Amino acid sequence: MEYGFWLPIFGGWLRNVEDEQMPATFDYAKQVAQTAEQIGFSTTLIAELNLNDIKGLEAPSLEAWTTAAAIAATTERLEIMTAVRPGFHNPATTAKMAANIDQLSNGRFTLNVVSAWWEEEARQYNGIFTAHDERYARTEEFVTIMKGLWADSSPYSFDGNYYTLEKTQLHPKPIQRPGIKLYAGGESEAGKQTIVNHCDAYVMHGGTVEEVSVKIEDMKARRQETGQSPLESFGLAAYIICRDTEEEAVQEWQRITDVKEDGAGYVGYDDFVSKSQLEQQVKRNDYSVSNRGLRPDLIGTPEQIAERILAFEQVGVSLLLLQFSPQLEEMERFARDVMPLVEEKRKVGQTK
């Protein structure tokens, strides 16, 4: 199991808690990233939203790509997984930017391809918002172009329904060969097929061990049918509540899920559940923490959390993309109290 974390670019992850003591500033994000790579985290995921989906439309949030470049320049080991949404980008320019960040990070830049869901944000920022399956048709062309430009052969031309390129040159190429690693998530039929056809790894919103196991086996089978090599990894979003006692953990869970029906952070809720084709019903309680982070139930004592992490590992999860609040303090607690326990328990299991 590798441990990643969401970079705190929104001022927190809780829609019911106004001030989480984690400001949406680059100084704080840099401090978190630099600390994380020192205490054992491998990856940071930088979400791409021009509006703040957690704290409300008028709350500040950091822009993903400029933040990614700055984090790349101020860290040494972290994999920097940055979201990219085709409806807001030109694929050739995006391929160029990604190659450049991969160069300055010495091969540590990866992408999380997101086909978008928030209609209000697209309206405000002049993004392209289309019917569900059409998003994935656009994404397929977008990803094909990036891969073509990153490949060794140049120049590159493309003539599709959404994009046209003629004899495009891209230099320098990314350090990663044959190109930058692509993660993506999706629960619809169109989304899953796009991922197994074009991407390298699958990432999931939070779910139970049983829900995640079914998804992983399904994606493995779909990938095998394409004749390509297996997907490289399976990532899972999760929110951590680690306390000395189970009672303390439950108290914190109750505090952060005190759903405020008119909360500013729920402005994107209806868009999310109505514009996406989801496999599980999403309730407001699920949505009180970003990305269904409570569903994996990584809540309790270090011992309990370590046991559940190993259960996810056993069904194929290889990367946890974790959220904490407040970020620094809780990341340090997790690295100190939970990570070593997972290793100890794994060793004990292997010797039985």
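Below, each value reflects all heavy atoms present in this structure, side chains not excepted, and no hydrogens, waters or symmetry copies. Numbering of residues begins at 1 and proceeds along the displayed sequence. Note that the structure is predicted; figures quoted are calculated from it, not measured.
Without hydrogens or angle criteria, Asp102 side chain to Gln176 main chain gives a donor-acceptor distance under 3.5 Å. A donor-acceptor contact shorter than 3.5 Å links the side chain of Asn52 to the backbone of Pro60. Judged by distance alone, with hydrogens and angles left aside, the side-chain atoms of Thr75 form no donor-acceptor pair with the main-chain N or O of Gln34 at under 3.5 Å. At distances below 3.5 Å, not a single donor-acceptor pair connects side-chain atoms of Ser213 with backbone N or O atoms of Val209. The main-chain N or O of His171 is found under 3.5 Å from a side-chain atom of Lys96 such that the two form a donor-acceptor pair. Within the 3.5 Å criterion, the main-chain N or O of Tyr163 finds a donor-acceptor partner in the side chain of Glu141. Of the possible polar contacts, one joining the Lys173 side chain to the Ala151 backbone as a donor-acceptor pair under 3.5 Å is found. In this structure, the side chain of Arg85 does not engage the main chain of Val114 through any donor-acceptor pair within 3.5 Å. Although no hydrogens or angles enter the test, the distance criterion places no donor-acceptor pair under 3.5 Å between the side chain of Glu48 and the main chain of Ala64. Without hydrogens or angle criteria, Lys55 side chain to Val17 main chain gives a donor-acceptor distance under 3.5 Å.
When hydrophobic clusters are built by joining Ile, Leu, Val, Met, Phe, Trp and Tyr residues whose side-chain heavy atoms come closer than 4.5 Å, directly or via intermediates, Ile128 is not grouped with Val143. Hydrophobic clustering of Ile, Leu, Val, Met, Phe, Trp and Tyr side chains at less than 4.5 Å, counting indirect connections, unites Leu310 with Val317. Transitive grouping of hydrophobic side chains (ILVMFWY, heavy atoms separated by less than 4.5 Å) keeps Ile101 and Ile175 in distinct clusters. Under a hydrophobic-cluster definition in which Ile, Leu, Val, Met, Phe, Trp and Tyr are linked whenever side-chain heavy atoms come within less than 4.5 Å, directly or via other members, Leu341 and Met1 are assigned to different clusters.
Considering only heavy atoms from C-beta on, Trp150 comes within 4.5 Å of Pro174 through its side chain. Two residues are said to be in side-chain contact when any heavy atoms from C-beta on lie closer than 4.5 Å; Glu76 and Ser105 fail this criterion. By the 4.5 Å heavy-atom criterion applied to side chains, Pro86 and Tyr162 are not counted as neighbours. Side-chain contact between His198 and Leu182 is absent, with no heavy-atom pair separated by less than 4.5 Å. Between Val289 and Trp253, every side-chain heavy-atom pair lies at or beyond the 4.5 Å cut-off. Taking 4.5 Å as the limit, some side-chain heavy atom of Leu294 sits within range of a side-chain heavy atom of Ser288. Side-chain contact between Met146 and Leu111 is present, with heavy atoms from C-beta onward closer than 4.5 Å. Residues Leu49 and Ser61 have side chains not in contact (no heavy-atom distance under 4.5 Å, counting atoms from C-beta outward).
In this structure, CH2 on Trp6 lies 9.0 Å from CE on Met81, to the nearest 0.5 angstrom. Note that OG1 of Thr208 and CZ of Phe312 are 6.5 Å apart. Values are rounded to the nearest 0.5 Å. Between Asn100 atom CG and Phe109 atom CZ the span is 10.0 Å, to the nearest 0.5 Å. Between the CD1 atom of Ile9 and the OG1 atom of Thr25 there is a distance of 12.0 Å, given to the nearest 0.5 Å. Note that OG1 of Thr44 is 11.0 Å distant from CG of Leu322, once rounded to the nearest 0.5 Å. Between the CG atom in Leu51 and the CZ atom in Arg123 there is a gap of 9.5 Å [rounded to 0.5 Å].
Neither side chain, Glu79 nor Ser42, offers a donor N or O lying under 3.5 Å from an acceptor on the other. When only modelled atom types and interatomic distance are considered, Ser115 and Thr139 share a side-chain donor-acceptor pair under 3.5 Å.
The pair Glu313-Lys345 does not count as a salt bridge, with every side-chain nitrogen at least 4.0 angstrom from each carboxylate oxygen. The pair Arg255-Glu252 meets the salt-bridge criterion, since a charged nitrogen lies less than 4.0 angstrom from a carboxylate oxygen. Ionic pairing of Lys347 and Glu344 is not present here: no N-O contact between side-chain nitrogen and carboxylate oxygen is shorter than 4.0 angstrom.
Annotation: Gln254, atom CD; neighbour count of heavy atoms from other residues, nucleotides and ligands within 6.0 Å is above 12. The environment of CD in Gln103 is crowded: more than 12 heavy-atom neighbours from other residues, nucleotides or ligands sit within 6.0 Å. Surrounding CD of Glu166 are at most 12 heavy atoms belonging to other residues, nucleotides or ligands under 6.0 Å away.
Taking every heavy atom of both residues into account, Ala72 and Leu104 meet most closely at CB-CD1, 3.4 Å. Heavy atoms only, all atoms of each residue included: Pro296 and Ala238 are closest at CG-CB, 3.7 Å. Looking at every heavy atom in both residues, Pro8 comes nearest to Tyr28 through CG-CE2, 3.7 Å. Closest of all the heavy-atom pairs between Asp337 and Pro302 is O-CB, 3.5 Å. Closest heavy-atom contact between Gly185 and Tyr136: O-OH, 4.4 Å. When all heavy atoms of Thr301 and Glu246 are compared, the pair lying nearest together is CG2-N, 3.7 Å.
For an aromatic pair to be called close, the ring centres must be under 6.0 Å apart, and Phe88 with Tyr125 fails this.
Among Ile39, Thr43, Leu319, Leu320, the single residue meeting the side-chain contact (heavy atoms from CB on, under 4.5 Å) criterion with Tyr3 is Leu320.
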Which atom pairs, one a donor and one an acceptor, fall under 3.5 Å between side chains of residues 226-234 and the rest of the protein, sequence neighbours left out?
residue : atom : partner : partner atom : Å
Thr226  : OG1  : Arg223  : O            : 2.6
Thr226  : OG1  : Gln228  : N            : 3.2
Thr226  : OG1  : Gln228  : NE2          : 3.3
Gln228  : NE2  : Val196  : O            : 3.0
Gln228  : NE2  : Asn197  : O            : 3.2
Ser233  : OG   : Lys181  : NZ           : 3.4

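Ring orientation note: the planes of Trp65 and His89 are tilted relative to one another, at an angle of 30° to 60°.
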**Request:** Output, in order, the C-alpha distance, side-chain angles, deciding distance and verdict of side chain to side chain donor-acceptor pair (under 3.5 Å) for Glu20 and Ser325.
**Result:** CA-CA 6 Å; Glu20 298 180 55; Ser325 180; 2.5 Å; yes
**Request:** Go through Trp13 and Gln327 one step at a time and tell me if the side chain to side chain donor-acceptor pair (under 3.5 Å) criterion holds.
**Result:** CA-CA 9 Å; Trp13 310 112; Gln327 189 93 5; 3.0 Å; yes
**Request:** In sequence, state the C-alpha distance, the side-chain angles, and the governing distance for Arg333 and Arg243, and then conclude on side chain to side chain contact (heavy atoms under 4.5 Å, CB included).
**Result:** CA-CA 9 Å; Arg333 186 205 301 255; Arg243 296 293 185 270; 3.7 Å; yes
**Message:** As a quick check of understanding, evaluate side chain to side chain donor-acceptor pair (under 3.5 Å) for Gln124 and Glu120, giving each step before the final call.
**Reply:** CA-CA 6 Å; Gln124 289 195 26; Glu120 172 63 16; 2.7 Å; yes
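Both cation-pi conditions hold for Arg135 and Phe129: the charged atom is under 6.0 angstrom from the six-membered ring centre and inside a 45 degree cone around its axis.
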